[in-house]
Every structure is written in structure tokens, then in C-alpha cells.
Amino acid sequence: METLVDDIGVVVVEARRAAGYKESTIGNYRKSIRWLALLARKDGVYTSALGAEFASMTTSLRTGRFSVQRHFDYG
């Protein structure tokens, strides 16, 4: 099943808003989704391979662990 990155973005943002997240945090999620969409710019479709590539970019090279800073700042 193919899922468009934009569709994922809408669901994520609305779920965060409904959960009471601050707009600044929602803005950070939007930024990450925008970079994910750029990664998928060929056809805009999310695949597990695309997700794995994006996840690898949010992993600290030094520790090998997920990095919140890289997650929100990656560009």
C-alpha cells in the first residue's frame, strides 16, 4: 500500500494538535515532514526504504542512537 508523504503529514500534525502539543513542537514536526517530502520528491510516496533512509539521517554518528536534535534540525 502506498501512502503519500503529504497524507502522513496531515495525520501527524492533526494528531499532535489534538493531543495538546504546543505549536512550536508541531512546527518541528512539520519541518521534519517537509524534509521527508523532499526526500520522496520523485513521486511523493512513502515506502519502508524511504523511512529507513530518513531514520538513518536522524541517528547520531557519534553514538549510533536516535538524536532528537538531528531529527528536528536535519536538512
Side-chain angles (χ1 to χ4, degrees):
M1 178 178 179
E2 295 181 341
T3 306
L4 295 177
V5 173
D6 292 333
D7 294 342
I8 293 170
V10 169
V11 171
V12 168
V13 167
E14 291 307 314
R16 298 302 183 249
R17 188 168 280 129
Y21 282 60
K22 292 182 180 180
E23 284 301 315
S24 60
T25 302
I26 292 171
N28 285 334
Y29 277 94
R30 281 190 180 141
K31 185 167 63 168
S32 294
I33 293 165
R34 184 174 54 243
W35 285 113
L36 180 60
L38 282 173
L39 203 60
R41 69 180 158 241
K42 179 180 169 190
D43 50 10
V45 176
Y46 180 85
T47 63
S48 58
L50 177 68
E53 182 179 351
F54 187 71
S56 73
M57 292 186 290
T58 61
T59 302
S60 169
L61 298 175
R62 185 175 57 84
T63 65
R65 299 172 112 181
F66 175 76
S67 166
V68 173
Q69 187 66 42
R70 285 178 62 95
H71 171 72
F72 288 125
D73 289 341
Y74 188 80

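Quick note: numbers below take in every heavy atom, side chains included, and nothing from hydrogens, waters or symmetry partners.
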Trainee: Sequence neighbours left out, what passes side-chain contact (heavy atoms from CB on, under 4.5 Å) with Thr63? Give chain and number order.
Mentor: Ser60, Arg65
Trainee: According to salt bridge (Lys or Arg N to Asp or Glu O under 4.0 Å), does anything in residues 46-59 pair up with another residue at least two apart or in another chain? List the pairs.
Mentor: none
Trainee: Does Tyr46 reach the side chain of Leu36, with side-chain heavy atoms less than 4.5 Å apart?
Mentor: yes
Trainee: Is it the case that one hydrophobic cluster holds both Leu38 and Val10, taking links as side-chain heavy atoms less than 4.5 Å apart, direct or via other members?
Mentor: no
Trainee: Considering residues at least two apart in sequence or located in another chain, which fulfil the side-chain contact (heavy atoms from CB on, under 4.5 Å) criterion with Ile26?
Mentor: Val13, Arg16, Arg17, Tyr21, Glu23, Arg30
Trainee: Do Ile8 and Ile33 touch side chain to side chain, with heavy atoms closer than 4.5 Å?
Mentor: no
Trainee: Between Val45 and Val5, is any pair of side-chain heavy atoms under 4.5 Å apart?
Mentor: no
